[in-house]
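This report refers to the structure that appears directly beneath it.
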Amino acid sequence: KPTEPLLDTALGVLYSALDRVDEADASFRRALARDPLSLPAMEEYFVFCDQRQKLPTLIPALEEAVRKEEGSFMHHNWLGLAYRRGGNLEGAARELQRAADLGPDQVGPLANLGSLYLQENRVEEAVTLLEQAIAKDPSSVEARTNLLVGLGRTAQLAKAREVFEDGNQISPERTTLYNAMAFACQMNGQPREAAKLLQHSLQLDARQPAALDLLRKVDPAAAARLLH
């Protein structure tokens with residue numbers, strides 16, 4: 001029955017919410033056994049595995065799905081992310097590029113590929129891709145955050161400020177944007193500006209160890225005040 005993969009997927013989501021991990025896993029696997037190309041089943045199973053640091057276990061199922069339906073940009077995107085988590089960066093780049101080619105209107109593959117290029121130190125290529133991603137979807141906080149990091153690493157601080165201000169208008173008070181802009185400032189010799197951004201971010205959410213560590217670097221006194 002066509003509804004069966006969705007029923008098993010729903011069961012998997014329910015078991016996952018109840019932290020009944022083995023039963024959730026079995027339900028998602030049943031859903032994909034019934035329909036290996038089911039997008040809802042793979043999407044929920046992907047989130048389930050990602051939350052548990054087990055994305056590479058999905059690689060065989062994703063490779064099978066891509067063999068059966070080569071034109072599915074979502075499966076290529078998921079496979080690229082799973083490869084990346086498993087340390088296969090070359091495979092990740094190939095799959096994310098294929099996903100971007102198959103889904104030219106989609107921001108996700110471009111944002112993911114840009115993030116991967118940052119990791120690989122291909123920073124100028126990353127900036128180009130992330131600018132394209134923002135043009136497609138200005139509300140993508142993830143793409144904008146990574147773009148700020150790339151602009152910081154390529155000493156384009158004035159442009160980074162514009163990207164940050166635009167992002168803060170579209171999606172106000174996002175800690176990731178404040179932290180990425182602070183990183184760009186710190187990278188380009190502006191510690192006071194970085195400290196102000198980090199203090200604001202930590203006022204929004206005090207539970208950010210990485211932001212606090214960066215604040216300790218740029219303004220140890222301000223970090224100490226926050227801790228008291």
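None of the values given here were measured: they were computed from a predicted structure.
- Here the shortest heavy-atom pairing between Cys49 and Thr57 reads SG-OG1, 4.0 Å.
- Side-chain contact between Val21 and Asp19 is present, with at least one heavy-atom pair separated by less than 4.5 Å.
- In this structure, CZ on Arg98 lies 6.5 Å from CG on Asp101, to the nearest 0.5 angstrom.
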**Request:** Could you walk me through whether Thr175 and Asp205 pass side-chain hydrogen bond (donor to acceptor under 3.5 Å, both in side chains), step by step?
**Result:** CA-CA 7 Å; Thr175 56; Asp205 180 3; 5.5 Å; no

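- In this structure, Trp78 is a member of the same hydrophobic cluster as Tyr83, with clusters built from ILVMFWY side-chain heavy atoms closer than 4.5 Å.
- Shown here for Ala133 and Ala111, the closest heavy-atom pair between the two residues is CB-N, 4.2 Å.
- Leu18 has its side chain out of reach of Glu23: every pair of non-hydrogen atoms, C-beta onward, lies at least 4.5 Å apart.
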**Asked** What's the verdict on side chain to side chain contact (heavy atoms under 4.5 Å, CB included) for Val127 and Arg153, showing C-alpha distance, side-chain angles and the deciding distance?
**Response** CA-CA 10 Å; Val127 166; Arg153 287 172 64 180; over 6 Å; no

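- Considering only heavy atoms from C-beta on, Arg29 comes within 4.5 Å of Tyr45 through its side chain.
- Lys217 has no carboxylate O lying under 4.0 Å from a charged side-chain N of Asp213, or vice versa, which leaves the two without a salt bridge.
- With a 6.0 Å cutoff to the six-membered ring centre and a 45° limit on the axis angle, Arg20 does not count as a cation-pi contact of Tyr15.
- Remark: Met181 CE to Leu197 CG distance equals 6.5 Å, nearest 0.5 Å.
- Look at Lys159 and Glu131 and you find a salt bridge, because one of the NZ, NE, NH1 or NH2 atoms lies within 4.0 Å of a carboxylate O, short of that distance.
- One distance of note links CG of Leu102 with CE of Met74; it measures 12.0 Å at 0.5 Å rounding.
- The hydrophobic cluster containing Leu129 does not contain Val107, counting ILVMFWY residues as joined when their side-chain heavy atoms lie under 4.5 angstrom apart, directly or transitively.
- Annotation: side chain of Pro40 is not in contact with side chain of Glu43 (no heavy-atom distance under 4.5 Å).
- Listed for the Arg144 side chain is a donor-acceptor partner under 3.5 Å among the backbone atoms of Val163.
- The structure places CG of Asp35 at 9.0 Å from OG1 of Thr9, a figure rounded to the nearest 0.5 Å.
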**Request:** Step by step, work out the side chain to side chain contact (heavy atoms under 4.5 Å, CB included) result for Leu157 and Cys185.
**Result:** CA-CA 7 Å; Leu157 192 57; Cys185 291; 4.2 Å; yes

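- How far CG of Leu37 is from CG of Leu32: 9.5 Å, rounded to the nearest 0.5 Å.
- Ile170 and Leu177 fall into different hydrophobic clusters, where Ile, Leu, Val, Met, Phe, Trp and Tyr residues are linked whenever their side-chain heavy atoms come under 4.5 Å apart, directly or through other members.
- Although no hydrogens or angles enter the test, the distance criterion places no donor-acceptor pair under 3.5 Å between the side chain of Arg94 and the main chain of Gly80.
- With hydrogens and angles ignored, the 3.5 Å screen pairs a side-chain donor or acceptor of Gln199 with a backbone N or O of Ala195.
- Val123 and Leu96 fall into different hydrophobic clusters, where Ile, Leu, Val, Met, Phe, Trp and Tyr residues are linked whenever their side-chain heavy atoms come under 4.5 Å apart, directly or through other members.
- With salt bridges taken as basic N to acidic carboxylate O contacts below 4.0 Å, one links Glu64 and Lys68.
- In plain terms, the two heavy atoms of Leu202 and Ala211 that are nearest each other are CD2-CB, 4.1 Å.
- In this structure, Asn168 and Arg174 have side chains that are not in contact, with every pair of non-hydrogen atoms separated by 4.5 Å or more.
- Hydrophobic clustering of Ile, Leu, Val, Met, Phe, Trp and Tyr side chains at less than 4.5 Å, counting indirect connections, unites Leu226 with Leu198.
- Donor-acceptor pairing under 3.5 Å is lacking for the side chains of Gln97 and His76.
- Under a cut-off of 6.0 angstrom, the local environment of NZ in Lys136 is crowded, with over 12 non-hydrogen atoms contributed by other residues, nucleotides or ligands.
- With respect to the salt-bridge test (charged N to carboxylate O, under 4.0 angstrom), the residues Asp8 and Arg34 qualify.
- Side-chain N/O atoms of Thr154 and Glu124 include no donor and acceptor closer than 3.5 Å.
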**Item:** Residues Leu110, Leu130; criterion side chain to side chain contact (heavy atoms under 4.5 Å, CB included); working and verdict
**Value:** CA-CA 7 Å; Leu110 276 180; Leu130 292 163; over 6 Å; no

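- Electrostatic pairing of Asp219 and Arg192 does not count as a salt bridge here, judged by no charged N lying under 4.0 Å from a carboxylate O.
- Arg30 and Ser27 form a side-chain donor-acceptor contact under 3.5 Å, judged by distance and modelled atom types alone.
- Looking at heavy atoms from C-beta onward, Leu116 lies out of side-chain contact with Arg122 at the 4.5 angstrom threshold.
- Judged purely by distance below 3.5 Å, without hydrogens or angles, the side chains of Gln208 and Tyr178 never pair a donor atom with an acceptor atom.
- Remark: the Asn146 side chain and the Glu142 side chain contain no N/O donor-acceptor pair separated by less than 3.5 Å.
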**Asked** Run the side chain to side chain contact (heavy atoms under 4.5 Å, CB included) check on Arg52 and Ser16 step by step: do they pass?
**Response** CA-CA 11 Å; Arg52 288 157 183 81; Ser16 176; 3.6 Å; yes

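- Under a 3.5 Å cut-off, the side chain of Ser140 and the backbone N or O of Asp137 do not form any donor-acceptor pair.
- The minimum heavy-atom distance linking Ala24 with Phe48 is given by the pair CB-CE1, 3.6 Å.
- Leu11 contributes atom CG, which lies 12.5 Å from atom CD of Glu44 (distance to the nearest 0.5 angstrom).
- Two residues are said to be in side-chain contact when any heavy atoms from C-beta on lie closer than 4.5 Å; Glu193 and Arg161 meet this criterion.
- Between Arg84 and Glu95 there is no salt bridge, since no side-chain nitrogen of the basic residue lies less than 4.0 Å from a carboxylate oxygen of the acidic one.
- Nearest heavy atoms, Phe183 versus Val149: CE2-CG1, 3.7 Å.
- Annotation for Ala126 and Tyr117: closest pair CB-CB, 3.7 Å, computed over non-hydrogen atoms.
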